[in-house]
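All residue numbers in this chain count up from 1 along the given sequence. Each ligand, and each atom within it, is numbered from 1 in the order the structure gives. These numbers come from a predicted model, not from an experiment.
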Amino acid sequence: VIETIALYVHVPYCRSICPYCDFDRQTRGIDAIPRYVEALCAEIATLPFDAVHSIFFGGGTPSLLSSSQVGDVLAVARQALNVTADCEVTLEANPGECSVDYLGGLGDVGVNRLSIGVQCLDDPTLRLLGRRHTADDARRAVASARAAGFQNLSIDLMLGLPGSTVASWSTTLDRAIDLAPNHISAYILTVDERVPMGRDVAAGRLSLPADDDVADQYEVTRAKLAGAGFEHYEVSNWAQPGMASRHNLTYWRDGSYHGVGAGAVGWIGGVRKKNTPSPTRYMRGVAAGRVETVEFERPDHGTRVTDAFALGMRLREGIDLAEFSYRYGLDLSAALGSELEDLRVAGVLEVREGQLRIADRSITVLSEVLVNLTPALARAAASVDARSDQLAQT
Ligand code: SF4
């Protein structure tokens, strides 16, 4: 079996910065996009000829690229890489940039999945979030995507927004379901204290709903989307049957991926690499024949195991215990011992048909569960390392 991998393409530009955002993005340099696209193409041309099952244009705002620029990147990818015939090609688009013409052009160059950043369907909240679109723009964007022939359409939503209640979030969800997307990502808003919205929250100028209210909003999400025929396949992601994101599943299953562009992260052959987040430095580096990286590391076995565990536990299918043991040389039941058993008895974790997963009612406390289990996991991984070192020396 040939291992297929994913390709992530980062577009770090935005027309304006949303007050809650802490991604690698900037408003400066939008006029440099043609040069930036050339740099992306040049970096992709240096990649090894791997088989690629998904390509994802993320940002920032990838819909700032023209359809022919997206086409240029895809053309180079098809030359440099073994892009599979059924490759999933996603582009994240802002609702204000989704004319039928533009989206049709994206379809023509090979984009076959759109992820539209709807966020919410209520104008005052969209303004508070600093978004440039309205709820009507979002509805029009979805209609344009269908008119342009897209059959795989995802929308992004955010819950736990300032001023939101279970009732207001239920209304948003009903409106979102009415849009009939194939996939919905619904993320709980978290704000870092260093971004403007975080400073407003810290200073008491803005308040976020209490944790219990957010947990209730999350429960409503699960119930409503299940009722509307969506499968809950990852903590924050729901899909119609067969429409889960292949690209994002690669991350959660600890698969390999290349990341190209300023600030992009790649994970191949046990090496994690992050490109410089500065588009200027990135373009200069590529022009000189060497992409500047800010991280280049080979995590130790313990880190690999705990990272893979944390990612896999986000999946509703959970972690296949036998496969985990085969890939990482660690029997999770033995490694987590009584901690796992206690959480299982308490109904926080479940083990069914060889899959370990978080129980429905405990999804919102997954991060606490992971914090509690990580030390035991890291200890067990360290002892596996010590044993293999001994074997290597004998
Ligand atoms: S459009 Fe997206 S990436 Fe750009 S600032 Fe807003 S949230 Fe951040």
Side-chain angles (χ1 to χ4, degrees), residues 8-33 36-37 40 56-66 69-70 90-99 102-103 106 113-138 140-142 145 153-162 164 172 176 183-201 206 208 236-237 245 247-248 251 259-265 274-280 282:
Y8 175 76
V9 181
H10 191 65
V11 179
Y13 303 103
C14 293
R15 286 198 201 280
S16 54
I17 300 297
C18 307
Y20 58 90
C21 177
D22 60 0
F23 297 143
D24 276 325
R25 78 294 175 262
Q26 60 174 66
T27 52
R28 274 170 295 114
I30 288 190
D31 49 356
I33 285 181
Y36 185 78
V37 169
L40 287 176
F56 193 103
F57 290 82
T61 310
S63 49
L64 288 175
L65 265 53
S66 68
Q69 287 168 331
V70 173
T90 305
L91 184 131
E92 285 182 338
N94 270 352
E97 283 143 9
C98 289
S99 68
Y102 175 60
L103 299 184
L106 290 179
R113 182 173 184 273
L114 278 183
S115 171
I116 301 182
V118 170
Q119 314 312 347
C120 77
L121 287 156
D122 155 68
D123 288 340
T125 313
L126 283 167
R127 279 196 292 277
L128 182 74
L129 291 172
R131 304 298 304 204
R132 300 169 66 91
H133 66 272
T134 62
D136 275 344
D137 288 336
R140 272 192 295 271
V142 170
L153 185 61
S154 178
I155 61 172
D156 276 3
L157 299 174
M158 279 196 291
L159 58 146
L161 296 175
S164 65
T172 301
H183 183 283
I184 295 182
S185 300
Y187 292 98
I188 296 176
L189 174 72
T190 52
V191 277
D192 190 289
E193 282 193 11
R194 284 163 298 186
V195 301
M197 186 178 277
R199 288 198 288 274
D200 284 348
V201 171
L206 195 66
L208 296 172
S236 305
N237 286 276
S245 158
H247 186 82
N248 289 336
Y251 299 144
V260 296
V265 173
K274 179 174 179 177
N275 289 349
T276 172
S278 153
T280 313
Y282 168 73

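- Y187 has its side chain within reach of N237: a pair of non-hydrogen atoms, C-beta onward, lies under 4.5 Å apart.
- Side-chain contact check for R131 versus C18: some heavy-atom pair is nearer than 4.5 Å.
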Show which side-chain atoms of residues 118-128 pair as donor or acceptor with protein atoms under 3.5 Å away, not counting sequence neighbours.
| residue | atom | partner | partner atom | Å |
| --- | --- | --- | --- | --- |
| D122 | OD2 | T125 | N | 3.2 |
| D122 | OD2 | T125 | OG1 | 2.1 |
| D123 | OD1 | A135 | N | 2.7 |

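- Nearest non-hydrogen protein atom to atom 2 (Fe) of ligand 1 is R131 NH1, 4.0 Å.
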Side-chain donor-acceptor pairs of residues 56-66 under 3.5 Å, sequence neighbours excluded:
| residue | atom | partner | partner atom | Å |
| --- | --- | --- | --- | --- |
| T61 | OG1 | Y13 | O | 3.4 |
| S63 | OG | N94 | N | 3.1 |
| S63 | OG | E97 | OE1 | 2.5 |
| S66 | OG | S68 | OG | 3.4 |
| S66 | OG | Q69 | N | 3.1 |
| S66 | OG | Q69 | OE1 | 3.4 |

Please tabulate, for side-chain N and O atoms in residues 23-30, each donor-acceptor pair with protein atoms closer than 3.5 Å (sequence neighbours left out).
| residue | atom | partner | partner atom | Å |
| --- | --- | --- | --- | --- |
| D24 | OD2 | K274 | NZ | 3.2 |
| R25 | NE | F23 | O | 3.3 |
| R25 | NH2 | C21 | O | 3.0 |
| Q26 | NE2 | R28 | O | 2.7 |

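- By the 4.5 Å heavy-atom criterion applied to side chains, P162 and L189 are counted as neighbours.
- Residue S16 places a heavy atom less than 4.0 Å from ligand 1.
- Take a cut-off of 2.8 Å around atom 8 (Fe) of ligand 1: the protein N, O or S atoms inside it are C21 SG.
- Within the 4.5 Å cutoff, the side chain of R113 has heavy atoms near those of the H183 side chain.
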